[in-house]
Amino acid sequence: MPRPILATIHLPALRHNLERLRRAAPDSRLWAVAKANAYGHGIERVFPALRAADGFALLDLAEAERLRALDWRGPILLLEGVFEARDLETCSRLNLWHVVHCEEQIDWLAAHKTHQPHRVFLKMNSGMNRLGFTPAALRSAWARLNALPQVDEISLVTHFSDADSQRQGTDGIAHQLDAFASAAQDLPGERSLCNSAATLRHAGRALGSGRLAADWVRGGIAIYGSAPDHPEHRSADWELQPAMTLASRLIAVQQLQAGDTVGYGSTYTALQPMRIGIVACGYADGYPRHAPGSQDCGAPVLVRGVRSRLVGRVSMDMLAVDLGPAEAGGPPCCSGDEVVLWGRSRHGAVLPVDEVAQAAGTIAYELLCAVAQRVPFAVDDGETPVFTA
Ligand SMILES: Cc1ncc(COP(=O)(O)O)c(C=O)c1O
């Protein structure tokens, strides 16, 4: 029998979340952001659900190749553009649209020999200070691109640093929006500004005579079921469903007496007799080692669908959970009982990955992307039962 841990990808949830984003920006086209192997879910696994998007946005040429191999003929956007001149040959061959964020990428385009002019997304740095042309340099970059026979259509793109919060002013995006609107106002071309947070929180707002959601929105984390602005909002507040369940089983049960400790470093001490379960999941599976398991604070888990908590330190292959809440309402737990680390229990309960991430001092993006290679995956198509970790 294989080790009883399983990551399950829920296609119905992906479809639902995609629709949820569409409802937030009904007049826009929707990129499904699928970088980092679809945020750890697996491009091939999510494809049957996400092919309902208008395009895919990602970073790696190899991931773009995988989408074309799945027979995706629609738009693919390289969010960071090309990393060297010869990548443009792959763009021509696979018909990839690409971001242009620096002069060097324009130089490469100018020297590129192609019969098929490229569609490019000119990136403006409106305040994130990661990639893109400054407002002052935007116009001349646009003029350079516009003069190139290698370039077909020029769209404009920028990225918000604080769409998930109210940092940087009253709503998190006003300063970048102003910078973009004034620098780009009389440049033609389609626009793409919003990530998940901006789409859910601000899509209806005005951008010049149009809307902030403009022509294309770039949905990432919300498609995978996490609230982009957790903890201000929970995934349920945005009607998002978990697209990944990481589940395992108990492989041992221990009866502790008052004063007994748990795991490496003895960071948890039982204050009274209690039962704990040992779960086949550890940091080598991608579960965060720094998730808390002290007396004061334990990362949430679902044991047989009942919410409980971690006790002690996460080790490489195992972690320990308090069995008290599950046993309070049912028979004693035993080896083989289901433990959900995040996602949906077969008993119906949901543990949002956001809550585990928050407890561990990180964000859902990191946990989802970090599920280890040794963890087997299953795909839930909504019909066949797959909760068999
Ligand atoms: C340029 C760009 N657009 C869109 C996204 C999607 O963001 P999110 O996953 O927060 O929706 C990302 C992700 O980091 C990004 O880098």
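Remember, it's 1-based here, ligands and their atoms both numbered in the order they're listed. Numbers here simply count residues along the sequence, with the first being 1. In what follows, every heavy atom counts, from backbone to side chain, and hydrogens, waters and symmetry copies are set aside.
Protein heavy atom in closest approach to atom 7 (O) of ligand 1: Asn195 CB, 3.5 Å. The single protein non-hydrogen atom nearest to atom 11 (O) of ligand 1 is Ser196 OG, 2.5 Å, given as residue, atom name and distance. Scanning the protein for heavy atoms near atom 14 (O) of ligand 1, the closest one is Lys35 NZ, 2.8 Å.
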Asp215 vs Ser155, side-chain contact (heavy atoms from CB on, under 4.5 Å): CA-CA, chis, key distance, verdict:
CA-CA 10 Å; Asp215 305 295; Ser155 305; over 6 Å; no
Do Arg45 and Asp381 pass the salt bridge (charged side-chain N to carboxylate O under 4.0 Å, His left out) test, and can you show the C-alpha distance, the side-chain angles, and the key distance before you say yes or no?
CA-CA 10 Å; Arg45 289 183 207 107; Asp381 58 12; over 6 Å; no
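Residue His159 holds the heavy atom nearest to atom 12 (C) of ligand 1 of all those in His159, Arg218, Arg130, Lys123.
Residue contact check for ligand 1: Glu80 places no non-hydrogen atom closer than 4.0 Å to it. Residue contacts with ligand 1 do not include Met128, since none of its heavy atoms lies under 4.0 Å from the ligand. Proximity of Tyr365 to ligand 1 is established by a heavy-atom distance of less than 4.0 Å. In this structure, Tyr224 falls outside the shell of residues with a heavy atom less than 4.0 angstrom from ligand 1.
Below 30°, between 30° and 60°, or above 60°: for Tyr39 and Tyr224 the angle between ring planes is below 30°, a parallel geometry.
In terms of polar-atom proximity, Gly220 is counted as a contact of ligand 1, with an N or O under 3.5 Å from an N or O of the ligand.
A ring-centre distance under 6.0 Å is found for His118 and His112. Not less than 6.0 angstrom separates the ring centroid of Phe56 from the ring centroid of Trp31.
Of all atoms in ligand 1, listed by their number and element, those nearer than 4.0 Å to a heavy atom of Tyr39 are 6 (C), 7 (O), 8 (P), 9 (O), 13 (C). The atoms of ligand 1 that sit less than 4.0 Å from any heavy atom of Ile221 are 8 (P), 9 (O), 10 (O), 11 (O).
Checked options Leu122, Leu193, Leu138, Leu177; the residue passing with Thr158 is Leu193 (criterion: side-chain contact (heavy atoms from CB on, under 4.5 Å)).
Salt-bridge check for Glu232 with Arg201: passed, with a basic side-chain N closer than 4.0 Å to an acidic carboxylate O.
The main-chain N or O of Gln241 is never found under 3.5 Å from a side-chain atom of His10 such that the two would form a donor-acceptor pair.
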